[in-house]
Amino acid sequence: MKNTLKKLLFQALEDCYKQERLNSGVVPDDILIEVPANSDHGDFATNLAMTLAKPEKKKPRQIAEALVEALETQNELFSKVEIAGPGFINFYLTSSSWYTILDDIQAKGETYGLSDIGKGKKIQVEFVSANPTGPLHIGHGRGAATGDALARLLAACGYDVQREYYINDAGNQMETLGRSIYLRCLELEGQTVDFPQDCYQGDYIRDFAREALADKGAAFFTDNEEEALKYCSEVGGGKILKGIEDDLREFGVTFDRWYSEKTLYDRDEVRKGIDFLREKGLAYEKEGAVWFRTTDYGDDKDRVLLRGNGVTTYFASDVAYHKEKFDRGFDTVIDIWGADHHGYIPRMKAAVAALGRDKEDLQVILVQLVNLLRGGNPVAMSTRAGEFVTLQEVVQEVGRDACRYVFLTRHSDSKLDFDLELAKQQNADNPVYYVQYAHARICSVNRKAQEEGLAEPAPAEVDSAALTLAEELGLTKILAQYPEMVEGAGRAFEPHRITIYLQDLAARFHAYYNRHRIVTEDRAVSLARLYLVNRIKTVIANALALLGVSAPEKM
RNA sequence: GGCCCCGUAGCUCAGCAGGAUAGAGCAACCGCCUCCUAAGCGGUAGGCCUUGGGUUCGAAUCCCGACGGGGCCGCCA
């Protein structure tokens with residue numbers, strides 16, 4: 001709808017220049033068309049005349065008049081076009097032109113809202129990527145929901161999306177994990193063990209120790225420390241990773257690829273990455289370590305790649321990893337990180353620039369902390385002490401849909417309060433049920449209609465003139481906005497916009513439903529309303545699908 | 001000290017790549033089920049968009065500076 005308006009305006013502008021009603025000859029790259037906040041100002045408005053005021057050296061209203069005169073004769077789309085305020089041009093569309101949207105939705109069905117703004121570009125979303133040293137907690141859940149919804153959103157926008165989980169299975173945290181399990185084994189065997197603070201404290205470590213003892217027997221652990229440590233590290237890490245994968249699957253999140261950091265070392269990619277930087281003169285030695293001159297690319301200080309003790313840093317493998325990502329042909333790489341890693345962005349962008357890419361080819365999305373509450377009171381959480389609420393527990397308690405939805409109600413860059421009691425409530429206070437309920441209600445209306453002998457009508461059976469209510473037109477306008485909303489959310493990498501939209505759509509539907517009957521005595525009205533209401537159903541279902549949330553037929 | 005995020009109704013937050021009279025939910029108060037699902041709806045009330053400048057026809061939105069809150073600054077991951 002906006003695009004047709006733009007075309008008409010460009011045409012009108014050209015005509016004005018031809019007729020010399022305007023003479024600056026300035027043609028903007030784009031024309032802003034917006035939906036006015038106040039419906040008295042029409043369905044759409046443009047500020048075109050105001051932006052031309054300066055080059056044209058005329059009053060905005062004067063320019064607007066010229067434009068409108070060039071335009072008005074052309075189309076019966078409009079019921080009215082007027083100039084208002086400082087020089088806005090307001091467009092009022094006829095109801096019947098709005099209602100054509102319903103046929104569009106009906107024809108497209110599940111594909112309504114898809115676009116090709118991504119032009120098939122290869123884009124990777126890397127998310128969660130938690131170390132396999134313990135179960136996922138609630139904070140990872142937010143990253144998972146955000147990354148998953150973003151991947152779905154980008155796919156809907158016509159990108160070729162790949163979702164990836166990076167497994168940090170190479171650093172010394174894996175050794176720490178092994179030692180933690182090993183020590184618990186000894187403890188279970190009755191030895192007195194001084195369990196260090198920097199070991200993993202959680203109960204799950206004891207569980208693994210028990211399993212390990214059962215599998216290998218006590219002697220294996222008491223006789224050969226080195227072998228036992230290796231075993232604990234590898235087997236423990238493997239089990240934890242398996243658990244993470246299971247938890248994520250249960251949460252509705254899957255990956256195209258699980259990428260092991262260790263394989264980068266196995267293929268010597270980390271060393272090659274350092275050499276690459278050396279060859280480009282971007283790495284140097286100082287105080288026994290090898291540094292990457294990230295300050296050349298705007299970082300505050302240079303960063304160590306290879307430590308004095310000969311061990312590479314996490315950053316070094318990250319450079320190699322990102323090099324490898326781009327080598328795989330991605331046009332854009334998105335990393336989703338916890339906000340506490342934000343200080344890492346400049347050096348990572350520096351690495352991307354050093355690889356010869358545009359810094360913008362790497363997009364980092366930060367996900368802020370989640371405050372877990374129960375009935376308004378904070379739930380104590382400390383990873384260090386091993387006391388944390390796992391994602392699995394939360395999903396089991398509140399349900400997958402509610403959990404995902406809550407995570408996606410806020411911009412990822414603002415902190416989120418997650419109240420378990422609230423997320424469990426099955427009423428209007430809980431936005432996910434509010435929206436799902438709208439969908440279920442429509443399904444229920446369909447069942448009722450069927451009982452009355454009314455099948456869901458085909459487009460030809462519908463006379464949109466039977467839709468005479470302001471609510472019906474309002475709802476249709478919101479449905480018409482859906483594709484633009486999806487595009488905007490995709491462009492901004494902001495999946496939370498979908499939940500905001502859904503909230504609005506559901507609210508309008510509930511209000512409509514409450515005031516008016518869909519299935520009435522009047523057959524024409526009933527069919528038209530059924531038709532409208534089922535388009536709402538389609539859009540709700542499509543939007544929920546982008547969030548990975550189900551659209552139930554019954555509740 | 002340097003950097004990042006946040007500051008909008010009592011509370012939690014939207015505000016769509018600058019627009020006309022700033023929105024929603026919760027909490028508060030008052031109402032609505034012989035009727036397609038009350039997991040719902042209607043109404044009342046609630047604001048100096050932290051603050052001072054700047055950019056412009058026009059700023060909650062963009063820029064600079066204060067103030068307040070949070071976070072990050074390792075040869076850890």
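- Nucleic acid contact class of A/Tyr501 (heavy atoms, under 4.0 Å, all strands): none.
- Counted by atom type alone, A/Thr499 and A/Thr409 present zero donor-acceptor pairs between their side chains at under 3.5 Å.
- Distance check on atom P: B/rC6 versus B/rG65 gives 16 Å, rounded to whole Å.
- Counting any heavy atom pair closer than 4.0 Å across all strands shown, A/Ile518 reaches a base atom.
- Across the strands present, B/rC57 finds its partner in B/rG19; the criterion is a Watson-Crick or G-U wobble pair with both atom distances under 3.5 angstrom.
- Here, B/rA39 and B/rU44 have their P atoms 25 Å apart, quoted to the whole Å.
- The gap from the P atom of B/rA45 to that of B/rG10 amounts to 15 Å, rounded to the nearest Å.
- Under 4.0 angstrom from either OP1 or OP2 of B/rC35 there lies no side-chain N or O belonging to A/Thr520.
- Heavy atoms of A/His411 sit under 4.0 angstrom from primed sugar atoms or phosphate atoms, though from no base atom.
- Nearest nucleotide to the side chain of A/Gln368, out of B/rC5, B/rG19, B/rC13: B/rC5.
- Here A/Phe88 counts as stacked on B/rA20: its ring centre is under 5.5 angstrom from the base ring centre and the planes meet at under 30°.
- Remark: the A/Asp340 side chain and the B/rG71 base include no donor-acceptor N/O pair separated by less than 3.5 Å.
- Nearest to the side-chain atoms of A/Ser414 among the listed nucleotides B/rC35, B/rA14, B/rC5 stands B/rA14.
- Taking each heavy atom of A/Pro132 and A/Leu177 in turn, the nearest pair found is O-CD2, 3.7 Å.
- For A/Asp417, whose side chain is taken as the heavy atoms from C-beta onward, the closest listed nucleotide among B/rA77, B/rU12, B/rC36 is B/rU12.
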Residues A/Gln450, A/Arg447; criterion side-chain contact (heavy atoms from CB on, under 4.5 Å); working and verdict
CA-CA 5 Å; A/Gln450 208 138 41; A/Arg447 289 190 289 269; 5.7 Å; no
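- A heavy atom lying under 4.0 Å from RNA chain B marks the following residues of residues 166-175 of chain A, by number: A/Asn172, A/Gln173.
- For B/rC36, the OP1/OP2 oxygens have no side-chain nitrogen or oxygen of A/His510 closer than 4.0 Å.
- The partner of B/rU34 cannot be assigned: no Watson-Crick or G-U wobble pair with both contacts below 3.5 Å exists in any strand.
- B/rC11 and B/rG25 make up a base pair, with Watson-Crick or G-U wobble contacts both under 3.5 Å.
- Between A/Tyr434 and A/His510, the distance from one ring center to the other falls under 6.0 angstrom.
- Taking only side-chain nitrogens and oxygens, A/Arg307 never comes nearer than 4.0 Å to OP1 or OP2 of B/rG74.
- The aromatic ring centroids of A/Tyr321 and A/Tyr259 lie less than 6.0 Å from each other.
- Of the nucleotides present, B/rC64 is the one that pairs with B/rG52 by Watson-Crick or G-U wobble criteria, both distances under 3.5 Å.
- For B/rC72, the paired nucleotide is B/rG2, the pair qualifying as Watson-Crick or G-U wobble because both relevant distances are below 3.5 Å.
- A/Arg535 forms a cation-pi arrangement with A/Tyr531, by the criterion of a distance under 6.0 Å to the ring centre and an angle within 45° of the ring axis.
- Among the atoms of the strands shown, only primed sugar atoms or phosphate atoms (P, OP1, OP2) are found under 4.0 Å from some heavy atom of A/Ala511.
- Glycosidic torsion of B/rC33 falls within 90° of 0, placing the base in syn.
- Between the base of B/rA20 and the side chain of A/Asn90 there is a donor-acceptor pair shorter than 3.5 Å.
- Residue-level contact check: A/Ala438 touches neither bases nor backbone, having no heavy atom under 4.0 Å from any strand.
- If you take atom P in B/rG23 and the same atom in B/rG15, they sit 15 Å apart, rounded to whole Å.
- B/rC11 and B/rA27: their P atoms are spaced 15 Å apart (whole Å).
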